[in-house]
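Counting starts at 1 for both ligands and their atoms, in listed order.
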Amino acid sequence: MWLPDKIYGFPDCENQSRALAQAIGANHEIVQTHKFPDGECCVRVSKGALRPAVFRSLYEPNEKLVEIIFASSALRDNGASEVALIAPYLAYMRQDVAFRPGEAISQKVIGEILSKYFDRFLSIDPHLHRTPTLDAVFRGKPSISGTAAAAIAEHIATHIEHSKTIIIGPDIESKPLVKAVADPLGASWLVAAKTRHGDRNVSIKLPDHSDLRGRHMVIVDDVISSGGTIVTLSGLLTKAGAASVSVYTTHALFGEDAHLAMRDAGAQTITSCDSIPHPTNAISLAKSLAESIKLWP
Ligand code: R5P
């Protein structure tokens, strides 16, 4: 097992990095950042950590990527033998092929760059649809894909009357997460079939012969971005006679107005984990991350 001796967080995720450091008994420090008048940045870390982990959730990722690379370099220059990256939300994983001719394969590029600067990786519910494992993104370096499933199931168990609950995912890719949430609750689960027509435009078909009348439906998805997927699915479930529709997501990327559009479509409650700051955050990922860290070889 490889345990970091110090977690280096950033001001935008200080509570989350501190909670993880406490959970695993590691030291904690916030990386000092400075932005020059021309927009360039400088980071500063204190000496002394041998096995540090840089902690940063990579939403709105472009500047954050530069800063974490600088932080890793500074840690090595100051004595670290190995540097880990803990990114509860890992950016650029969705573009894993060139969907249209001429597009960059962002997942490949980010994997190549980060694997030059970090020795091991941990993320939660990374979007790896066509890539088998996170190690494959990071050139075989030890990489753990943790999951928020247990934390989400725990929240459902204490907040939702679940005797007649069905957990549902919008597409086949959501099946592992949906099943991992439903199993500990002993709840039924389903996955729908989604076709994407554009950034905000999807069509969804509910499974054949599903009688959802009077059922409490809990939608679970790894990422909510434009909200289009949840809006469409919530509308279908409401139309199918569901008694209630609740929504859970690991990563609340939530484009503008997504929250309101989901509510208008019938989602009564929307709950997210704390990888991306949002008013719907209600589930800490500290425990999921602490458990996942133990899986590093
Ligand atoms: C898709 O594969 C993902 O699991 C999410 O369903 C998707 O990213 C949600 O995107 P949006 O909120 O823009 O529909």
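- Of all protein heavy atoms, the one lying nearest to atom 14 (O) of ligand 1 is Thr229 OG1, 2.5 Å.
- In this structure, Val202 falls outside the shell of residues with a heavy atom less than 4.0 angstrom from ligand 1.
- Of the heavy atoms in Glu173, none comes closer than 4.0 Å to ligand 1.
- Interface of Val223 with ligand 1, defined as ligand atoms under 4.0 Å from a residue heavy atom, comprises 5 (C), 7 (C), 9 (C).
- Relative orientation of the Phe254 and His278 rings is perpendicular, given thresholds of 30° and 60° on the angle between their planes.
- When only non-hydrogen protein atoms are considered, atom 13 (O) of ligand 1 lies nearest to Ser226 OG, 2.7 Å.
- Contact annotation for Arg200 and ligand 1: no heavy atom of the residue comes within less than 4.0 Å of the ligand.
- Here Asp221 has side-chain heavy atoms under 4.0 Å from ligand 1, and that is the only part of it that gets that close.
- Residue contacts with ligand 1, taken as heavy atom pairs separated by less than 4.0 Å, do not involve His251 at all.
- On a distance-only criterion, Gly227 and ligand 1 share at least one N/O pair closer than 3.5 Å.
- Arg18 places no side-chain N or O within 3.5 Å of a backbone atom of Ala21 that could act as its donor or acceptor partner.
- A salt bridge does not link Lys108 to Asp96: none of the charged side-chain nitrogens sits closer than 4.0 Å to a carboxylate oxygen.
- For Lys6 and Glu29, the salt-bridge test passes: some basic side-chain N is under 4.0 Å from an acidic carboxylate O.
- Protein heavy atom closest to atom 2 (O) of ligand 1, with residue, atom name and distance, is His129 CE1, 2.9 Å.
- Classification of the His251-Tyr89 ring pair by plane angle, with boundaries at 30° and 60°, yields perpendicular.
- Under 4.0 Å from ligand 1, not a single heavy atom of Ile230 appears.
- Aromatic ring orientation, Phe36 versus His34: perpendicular (interplanar angle above 60°, classes split at 30° and 60°).
- Atom 10 (O) of ligand 1 has as its closest protein heavy atom Arg196 NH2, 3.3 Å.
- Side-chain contact annotation: Asn281 with Ser272, donor-acceptor N/O pair under 3.5 Å present.
- When hydrogens are left out, the protein atom nearest atom 3 (C) of ligand 1 is His127 CE1, 3.2 Å; that is the closest non-hydrogen contact.
- The contact set between ligand 1 and Lys194, taken as ligand atoms under 4.0 Å from a residue heavy atom, comprises 1 (C), 5 (C), 6 (O), 7 (C).
- The closest non-hydrogen atom to atom 4 (O) of ligand 1, taken over Asp199, Leu253, Asp222, Val220, comes from Asp222.
- No more than 12 heavy atoms of other residues, nucleotides or ligands sit less than 6.0 Å from atom CD of Glu63.
- Figure legend: cation-pi geometry between Lys116 and Phe138 absent, as NZ or CZ is not positioned both under 6.0 Å from the six-membered ring centre and within 45° of its axis.
- Crowding of Arg130 atom CZ: a count of heavy atoms from other residues, nucleotides or ligands under 6.0 Å exceeding 12.
- The single protein non-hydrogen atom nearest to atom 8 (O) of ligand 1 is Arg94 NH1, 3.6 Å, given as residue, atom name and distance.
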